[in-house]
Amino acid sequence: MTMKTMLVLLMCLLLCVVRGDGKPTEKKSHVIHGVPLSEREHNDDENYDYDHEAFLGDEEAETFDKLPPHESKRRLGIILEKIDVNSDDVISEEELKLWLKSNQKKLISGKVDERWSEFDSNKDGLISWSEYKKATYGYLVSPQEEEDHKHMIFRDERRFRTADRNGDSVADKEEFTAFLYAEDYEHMRDVVVQEMMEDVDRNKDGFIDMDEYLGDINSEMGSEEEPDWLVADRKLFVEVRDQNKDGKMDLAETKEWIFSSDYDYAEVEAKHLVNETDTNQDGKLTRKEVLDNYQVFVGSHVTDFGRTLLKHDEF
């Protein structure tokens, strides 16, 4: 499985809560939400690791974890000045959202940079399809292995050609990022939909019918009473997903389905951080409110100042 395929599966196959009554109630959702702000699991208790990485980035969060409280607060104060773009001495939810989005872009860029040298074999700053194919599928040595991976290679090449907007048969950093993180690029959405259609359309008729939409859960239920979410999904398919009422979803309807979510990780996290620390409940954060709740934003887990990593001149 290629890195790209793994990313798509991780982003698309989100697991819902499983009830404890022994019935098959695990549902897979193909609705795409975009790239999370951190690889850590987000939760609502006082384990703020996700918040720290979302707010600082993973490397900076690790640095702050080694700082004593007074140094964490000092550095956090410097960051607040950057977030406060209109210099009104308060942090709005929108300013916080913009800051988180910039960190999200850095996260994606960093992941692309980590893998770049694996594919750019001739070190010319570009990645050709042949370079990518060799690096990804070069281990295939027999005709049978080639045949077994034929469809995946076809899909990868189709995605690569779509990302290559100028048609020069090589990918620069932006084009390769679009190849890997296609869900975040408007011009890549059709190929994402095509891939999803191929995965879900088990009878290969070019459409997604009710049973395919529901996945394997329908057949697993047998004579058991259907859970509420399954009943609701049947209704959703009939009333919303199948817009032309022909009993199945075509490409356009599938696109509407998988990109139907308006979930924004940065917006959700910004609301969460404000709700956690907005003492006077006015919808914005003062410097005092942030610094009084510094552990939500940056953390500070050890006090041995000799282990701190004072590595950034700006601090």
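Computed over heavy atoms, backbone and side chain alike; hydrogens, waters and symmetry mates excluded.
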Would you say NZ of K235 has more than 12 non-hydrogen atoms from neighbouring residues, nucleotides or ligands within 6.0 angstrom?
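Atom NZ in K235 is not crowded, with 12 or fewer foreign heavy atoms closer than 6.0 Å.
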Does NZ belonging to K134 count more than 12 external heavy atoms closer than 6.0 Å?
no
salt_bridge([X], [Y]) N-O dist < 4.0 Å:
| X | Y | result |
| --- | --- | --- |
| R74 | E71 | yes |
| E175 | R165 | no |
| D199 | R155 | yes |
| K106 | E60 | no |
| R287 | D89 | no |

How close do A178 and M188 get, counting heavy atoms only, and between which atoms?
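Closest approach of A178 to M188: O-CE, 3.6 Å.
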Would you say D148 and Q144 are linked by a side-chain donor-acceptor pair, where the criterion is simply a distance under 3.5 Å?
yes
F237: what forms a ring-ring contact (aromatic ring centres under 6.0 Å, His included) with it, not counting sequence neighbours?
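F237 satisfies ring-ring contact (aromatic ring centres under 6.0 Å, His included) with Y213 once adjacent residues are dropped.
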Residues forming a ring-ring contact (aromatic ring centres under 6.0 Å, His included) with W129, sequence neighbours excluded
Y132, F160
For D292, which residues count as a salt bridge (Lys or Arg N to Asp or Glu O under 4.0 Å) partner, sequence neighbours excluded?
K288
Would E212 and R202 count as a salt bridge (charged side-chain N to carboxylate O under 4.0 Å, His left out) here? Give the steps.
CA-CA 7 Å; E212 291 167 337; R202 294 194 299 272; 5.5 Å; no
